[in-house]
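Since the structure comes first, as structure tokens, the remarks are kept for the end.
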Amino acid sequence: MRYYGGLSGVVTAVVVYLCLWGLTETGWWRWLCAGVLTLTTVKVWFELAMGRSFLDTGGEHPFIPAPLSHAAGIANAVLLFATIKILARVTTRERPA
């Protein structure tokens, strides 16, 4: 944990994955998920551009923030979501008789 814990990348992946499913809903939940996805994307782009955590308060940390793990979390969430959607589409097609 001193150098890199990895939990923030996993949490980012989970949040993005759940919000992607939320975009398939209707009403306020869809708008909330769209807002969270937008803010998460902006946060990660800022972290990558600046090379440090958005929430960095300065001083000593028990770990070294790794902004690339958040980007990897987003990429993995999108990949998993797309894979599941494609597999669902393929398995629900009618098979020829």
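This one's a predicted model, so the numbers in the text were calculated from it and none came from an experiment. Residue numbers count from 1 along this sequence.
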Distance check, rounded to the nearest 0.5 Å: [X] atom [atom1] versus [Y] atom [atom2]?
{"X": "Trp31", "Y": "Leu23", "atom1": "CH2", "atom2": "CG", "value": "10.0 Å"}
{"X": "Trp21", "Y": "Ile84", "atom1": "CH2", "atom2": "CD1", "value": "6.0 Å"}
{"X": "Ile74", "Y": "Thr40", "atom1": "CD1", "atom2": "OG1", "value": "6.5 Å"}
{"X": "Leu18", "Y": "Phe81", "atom1": "CG", "atom2": "CZ", "value": "11.0 Å"}

What heavy-atom pair brings [X] and [Y] nearest, and what distance separates the two atoms?
{"X": "Cys33", "Y": "Gly22", "result": "SG-CA, 3.5 Å"}
{"X": "Val16", "Y": "Ala77", "result": "CG1-CB, 3.7 Å"}
{"X": "Val36", "Y": "Val15", "result": "CG1-CG1, 3.8 Å"}
{"X": "Glu47", "Y": "Pro67", "result": "CB-CB, 3.6 Å"}
{"X": "Arg30", "Y": "Glu25", "result": "CD-O, 3.3 Å"}

Legend entry - Note, Lys43 side chain near Thr12 side chain (heavy atom, < 4.5 Å): no

Same apolar cluster: [X] and [Y], side chain cutoff 4.5 Å:
{"X": "Tyr17", "Y": "Leu7", "value": "no"}
{"X": "Val11", "Y": "Val14", "value": "no"}
{"X": "Leu37", "Y": "Val78", "value": "yes"}
{"X": "Leu68", "Y": "Val44", "value": "yes"}

Inset, instruction - Could you tell me whether Trp45 atom CH2 has more than 12 heavy atoms of other residues or ligands within 6.0 Å of it? - result: no

Inset, instruction - Look at atom CG of Leu80 and say whether more than 12 heavy atoms of other residues, nucleotides or ligands are closer to it than 6.0 Å. - result: yes

